[in-house]
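Let me begin by presenting the structure, written as structure tokens, before commenting on it.
Worth knowing before you read on, the calculation uses all heavy atoms, side chains too, and leaves out hydrogens, waters and symmetry mates. For ligands, and for the atoms within them, numbers begin at 1 and follow the listed sequence.
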Amino acid sequence: VIVVHGGAGERHADDNARQAQGGCLVAARAGHAVLEKGGSALDAVVAAVTVLENDPQFNAGRGSALNADGEVEMDASVMTGDLQAGAVAAVKGIANPVQLARLVMEKSKHVLFSAEGAHRFARAHGVPFVDPASLITERARKRLASLGTVGAVARDKQGRLAAATSTGGTTGKRPGRVGDTPLIGCGTYADDEAGACSCTGLGEAIIKVTLARAAVDRLRSGEDPNAAAAAVAATLARAKGDGGLILIDAKGRFGLAFTTKRMSRAWVSSDGSFGSGFD
Ligand code: GLY
């Protein structure tokens, strides 16, 4: 089972939201193809998020929101249900930050690299750099409402869970600002004994309520994932923010919730059935 989101937001026009819903389904199918062949949940979520990072309509990879200096500065993380995690923050000129986050998890003893340290790590591992200008779209330049952070959660045939999240952050953010996305327990969390979660929305609020870990913890008692997602999403209001999340439990049941008007998303289940939505 794989579930993906293309971000929560208020201001998207219907046409844009419908297009984002389609983009989410393409990504979910890419992740599901990996699972069908016996690939791991980690392979699946990274494949799905890579598709979303490459799709310029989303606020991740190419199409990322610009910071106050007019630059793209991205955050991403991955986590597997055996409690391994990797993340990067404030990286520039990297086409697929989710893949760099995976490398941090697999090739370093650390969890999170930021800015120049992340760039040095990327160079040391042969990760290609792209012209930072190539990640900037006309839409981002015009500061139109960006369609939001992207993410995926999956359960593979062996019952392993994984989650991944990637973002350009908030439009006009101060350079160096880091949101919830690369922070394990905030934007992303996975534990094979409970569930996996990827979040979207105002990072400053998500961090304060440690949204992803709070959601996964509610699954430990067998709570329905939709009920758990709704309960934790409601806590964002106390931190004066909005957002949403996708959630999968150890049995492969999934749920989602958002406090914004819209959140584009799609899923493909183990029997090949699929769905998508935005409102
Ligand atoms: N949730 C993405 C961010 O605030 O950076």
Quick note on ligand 1: atoms under 4.0 Å from a heavy atom of Thr149 include exactly 1 (N), 2 (C)
Show me which atoms of ligand 1 lie under 4.0 Å from any heavy atom of Gly169.
5 (O)
Say whether Ile206, considering both its backbone and side-chain N or O atoms, lies within less than 3.5 Å of an N or O atom on ligand 1.
no
Does any N or O of ligand 1 fall below 3.5 Å from an N or O anywhere on Asp180, backbone included?
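In this structure, Asp180 places an N or O atom under 3.5 Å from an N or O of ligand 1.
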Determine whether the aromatic ring centres of Phe274 and Trp267 lie less than 6.0 Å apart.
no
For residues Ile136 and Arg141, determine if any side-chain heavy atom of one lies less than 4.5 Å from a side-chain heavy atom of the other.
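Sidechains of Arg141 and Ile136: in contact.
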May I ask whether Arg177 places a heavy atom under 4.0 Å from ligand 1?
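For ligand 1, residue contact (heavy atoms, under 4.0 Å) with Arg177 is present.
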Please state which option from Ser166, Gly243, Gly201 has its nearest heavy atom closest to atom 1 (N) of ligand 1.
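Of the listed residues, Gly201 has the closest heavy atom.
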Using the rule side chain to side chain contact (heavy atoms under 4.5 Å, CB included), only one of Val4, Ile2, Leu35, Val3 pairs with Val268; which is it?
Ile2
Any donor and acceptor pair, going by atom type alone, linking the side chain of His119 with main-chain N or O of Val91 inside 3.5 Å?
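Answer holds: no.
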Inspect the contact between Arg220 and Asp191 and indicate whether a charged nitrogen and a carboxylate oxygen are less than 4.0 angstrom apart.
yes
